[in-house]
4 protein chains.
Amino acid sequence: MLDSVPDNSEPKVTTRGRPRSERARRAILGAAAEVLAEQGLRAMTIEEVATRAGVGKATIYRGWSSKGTLALEAFLDEFLSTQPPIDTGSIEGDVRSALQAWVETVNGTTTGRSLVGLIAEVQLDPELGVAWHHDFVDVVRGQHRRMVDRAIARGELPRGSDVDIMMDLIYGPAYHRLMQGHLALNQEFVELVTAMVVAGAKAGAAVPRVGTLG
Amino acid sequence: MLDSVPDNSEPKVTTRGRPRSERARRAILGAAAEVLAEQGLRAMTIEEVATRAGVGKATIYRGWSSKGTLALEAFLDEFLSTQPPIDTGSIEGDVRSALQAWVETVNGTTTGRSLVGLIAEVQLDPELGVAWHHDFVDVVRGQHRRMVDRAIARGELPRGSDVDIMMDLIYGPAYHRLMQGHLALNQEFVELVTAMVVAGAKAGAAVPRVGTLG
Amino acid sequence: MLDSVPDNSEPKVTTRGRPRSERARRAILGAAAEVLAEQGLRAMTIEEVATRAGVGKATIYRGWSSKGTLALEAFLDEFLSTQPPIDTGSIEGDVRSALQAWVETVNGTTTGRSLVGLIAEVQLDPELGVAWHHDFVDVVRGQHRRMVDRAIARGELPRGSDVDIMMDLIYGPAYHRLMQGHLALNQEFVELVTAMVVAGAKAGAAVPRVGTLG
Amino acid sequence: MLDSVPDNSEPKVTTRGRPRSERARRAILGAAAEVLAEQGLRAMTIEEVATRAGVGKATIYRGWSSKGTLALEAFLDEFLSTQPPIDTGSIEGDVRSALQAWVETVNGTTTGRSLVGLIAEVQLDPELGVAWHHDFVDVVRGQHRRMVDRAIARGELPRGSDVDIMMDLIYGPAYHRLMQGHLALNQEFVELVTAMVVAGAKAGAAVPRVGTLG
DNA sequence: TGTTAAACGAGACGGTACGTCACGTCTTCCG
DNA sequence: CGGAAGACGTGACGTACCGTCTCGTTTAACA
């Protein structure tokens with residue numbers, strides 16, 4: 001979907017203006033992160049965030065259109081900082097490292113639990129979806145895409161590889177287990193997915209592209 | 001409907017007794033399905049379902065512990081009936097057919113939209129998670145597992161294949177696109193996933209199994 | 001306007017149904033009377049009444065359409081019980097006694113202060129005006145009217161006397177001082193008004209009724 | 001406008017300084033009068049006045065301490081200009097003319113409705129009461145007092161007449177009907193009150209003055 | 001004429017109360 | 001006597017204004 005790195009030097013999580021006072025903005029995001037970590041997204045209320053931040057509710061509504069957009073912004077920096085840039089030199093090493101970092105965050109941090117709650121919220125709040133795509137999906141997929149692009153450039157993967165499918169094969173199973181909770185996200189999972197995806201990608205170049213679609 | 005679902009001749013979606021009167025039960029589930037299709041899970045309220053069903057709210061609470069469990073039951077039969085038993089004779093054919101049926105439901109029906117809402121709700125309501133696993137995840141994965149087992153039995157896939165990872169590689173990308181909405185769930189997606197997963201599975205037998213570390 | 005005694009065996013202060021539970025109704029009216037006496041009508045809030053009554057705000061809104069109608073009902077019984085039926089045998093005695101009772105209530109009780117607040121509120125809330133007229137103005141004027149009617153029957157006042165004007169001459173100055181606060185409502189005021197009104201009424205029978213009006 | 005208003009060459013409606021810029025002051029009072037006429041005192045908000053006047057809220061608060069004091073000043077000149085100085089030569093003529101002018105204003109103009117709202121507001125806002133007495137009650141009663149004083153000087157009324165009671169008997173019924181709304185303020189009312197008050201006043205000289213009791 | 005301090009418009013801020021909604025429980029009363 | 005109807009206590013919602021407080025920007029008096 002997006003190939004170039006999104007130029008969002010600052011997130012566009014809200015559709016509204018942000019608070020004039022940096023003090024209020026920081027207090028709100030800090031309180032939101034706190035409540036999010038303690039109680040989860042469902043239990044988080046604007047009223048409690050306002051109280052903890054020492055801020056009027058209206059000030060929050062002035063800056064964020066919903067609980068979701070606020071939680072998203074509170075979540076973003078923290079999560080992204082746990083997903084380091086990765087470049088091991090081989091596609092297999094890159095995939096393994098990226099999955100490992102993701103699994104560790106998801107299993108070990110409150111930020112990981114917020115991720116689950118936010119993905120859920122996005123399904124239920126269409127407006128939040130817009131911000132989610134711009135500030136999370138596009139950003140994260142941009143990083144992953146560069147990983148796969150490098151592998152193609154190195155000749156590790158066939159030139160005609162479908163990068164999007166590659167990315168979905170790597171992270172799809174991970175998000176699937178995260179959301180359905182049917183099996184553990186552990187080291188074995190990381191190894192197996194890495195092995196199968198890399199094997200499939202190297203073997204799968206010959207896939208006949210169907211003609212009915214672009 | 002299902003090619004021999006294990007033992008749940010009747011779903012265990014609720015932890016409570018069900019309404020004494022079958023009439024009320026049908027009216028409630030019908031009204032719930034209606035509201036679910038029209039307005040989605042977030043907008044559905046117990047009050048509206050009760051009104052439409054011509055039933056007291058207490059009667060609903062007697063049978064279902066939350067909006068989620070009610071929606072789950074209203075969703076289940078309908079969704080599962082759209083996922084027919086599959087046995088084309090080859091793993092490639094089976095995977096393609098299964099994904100196709102899933103994609104068609106998800107793209108074309110209100111039931112598909114309910115699926116998204118329910119997965120979201122499950123993340124936010126732990127109690128609902130129990131019912132979700134018993135009545136949805138286990139059932140559906142049971143079907144898929146038999147599909148892969150048959151391929152191993154036929155010798156299409158190596159004997160030591162990790163069936164769970166296979167299943168996650170097939171459906172993980174699908175659910176990933178469904179929840180993140182970053183790319184279309186179309187025929188090309190079905191073909192590419194089928195090809196890469198089958199290629200990876202056939203090639204991936206040599207993967208060195210890590211110990212039980214994790 | 002009204003001649004016959006209004007048959008309001010129970011007040012019609014609200015336009016809505018009243019709470020089903022007598023317990024809630026009593027708690028609400030009690031709390032309202034309390035807050036009214038302590039803080040006055042302006043400072044009284046539905047939230048505080050609800051809290052003190054141990055009742056949800058919605059229960060109050062279910063029974064009363066505004067702060068005013070609630071305050072009115074909380075005020076009514078108490079106020080009316082301070083204005084005893086009067087029958088001294090002479091118009092002069094009756095007027096003096098009635099004014100005296102009124103002045104004592106108004107000067108000495110929190111109910112008196114509520115009266116001021118309610119009259120003010122009625123000016124600002126047209127809906128409240130309807131209830132005010134039915135439950136207060138009509139009731140009180142009915143009592144006063146009987147007082148004047150008896151004087152006419154006794155022959156103390158001329159047969160053609162305008163009863164409404166009489167009543168306004170008695171109570172008009174009183175309410176005027178109450179609202180404008182320019183002079184004290186004391187015993188001297190009662191005596192002077194009584195004397196002048198009775199003198200005017202006895203002398204004023206010969207007033208030529210203007211013909212331009214009914 | 002007034003037949004020599006005592007000393008308030010400029011009203012003391014506010015306890016604060018006024019806006020430095022005459023332009024702002026006029027814009028604010030104009031906007032306030034407009035909103036007052038359109039929506040009444042209850043619905044008038046400082047925010048709307050500020051917006052209409054093209055002025056910051058702080059500029060209003062710099063000049064007036066509350067909605068009431070602002071409304072009072074917006075109301076004053078306009079109302080007083082409708083109550084012309086009166087001197088017909090007889091007490092009866094004076095009373096009739098004064099009541100007539102008052103009734104016409106009250107029945108026919110938005111200024112009349114503002115009067116009601118302001119009297120109400122005065123009951124609920126003690127601080128406003130101070131300004132109200134200084135700028136309205138004292139001014140108006142000053143006019144009326146001179147009217148009665150002249151009648152006494154002319155010998156129409158007994159020398160010992162209680163001027164305050166006279167004034168309350170004239171205007172009390174009028175304000176009473178205005179606030180309670182129980183009967184019309186029409187020509188008949190004017191005539192009857194005039195007749196009865198004048199009759200009472202002329203006959204009532206013999207009233208035994210009670211001591212200073214009360 | 002150029003400088004500078006004030007007053008200004010705009011409106012964000014921390015609050016309070018509003019009136020509404022849906023929750024999950026409890027009560028009433030009808031069939 | 002079971003269930004529909006819906007009132008109940010609760011608590012969060014999102015809004016409206018409050019009165020205060022920064023912000024630049026006029027604006028007008030003095031240098």
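Remember, predicted model here, so these are calculated numbers, not experimental data. All chains are named by letter (A, B, ...) in the order of the sequence lines, taking the proteins before the strands, and each is independently numbered beginning at 1.
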5'-most by nearest nucleotide on DNA chain E - D/T51 or B/E48: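 Result of the comparison: D/T51.
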First of D/G54 and A/A53 reached from the 5' end of DNA chain E, by closest nucleotide: D/G54
Rounded to the nearest Å, what distance is computed from the [atom1] atom of residue [X] to the [atom2] atom of nucleotide [N]?
| X | N | atom1 | atom2 | result |
| --- | --- | --- | --- | --- |
| C/R52 | E/dA17 | CZ | C1' | 16 Å |
| A/R42 | F/dG11 | CZ | P | 18 Å |
| D/I46 | F/dG19 | CD1 | P | 7 Å |
| B/K67 | E/dC21 | NZ | P | 16 Å |
| C/I28 | F/dG9 | CD1 | C1' | 11 Å |
| C/Y61 | E/dC18 | OH | C1' | 6 Å |
| D/W64 | F/dG19 | CH2 | C1' | 16 Å |
| A/I60 | F/dG14 | CD1 | P | 11 Å |

N/O (side chain, A/T45) to phosphate O (OP1/OP2, F/dA12) under 4.0 Å: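 For A/T45, the contact criterion (side-chain N or O under 4.0 Å from OP1 or OP2 of F/dA12) is not met.
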F/dA7 OP1/OP2 closer than 4.0 Å to side-chain N/O of C/R23: no
Closest listed nucleotide, where the reference is the side chain of B/T59 and the choices are F/dA4, E/dC8, F/dG19: F/dA4
Nearest-0.5 Å distance that lies between atom CG in B/L118 and atom CD in B/Q123: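 The distance works out to 11.0 Å.
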Separation of D/I28 CD1 from D/E73 CD (nearest 0.5 Å): 10.0 Å
Residue whose nearest DNA chain F nucleotide is more 5′ - A/E47 or C/V55: C/V55
Pairwise 5' ranking along DNA chain F for D/M44 and A/K57, keeping only the more 5' one: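 Upstream on the strand: A/K57.
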Sugar-phosphate only, base, or nothing, as touched by B/A58 at under 4.0 Å among non-hydrogen atoms: base
CA sep, side-chain torsions, deciding dist, call: B/S66, B/E127, side chain to side chain contact (heavy atoms under 4.5 Å, CB included): CA-CA 9 Å; B/S66 68; B/E127 195 198 333; 5.5 Å; no
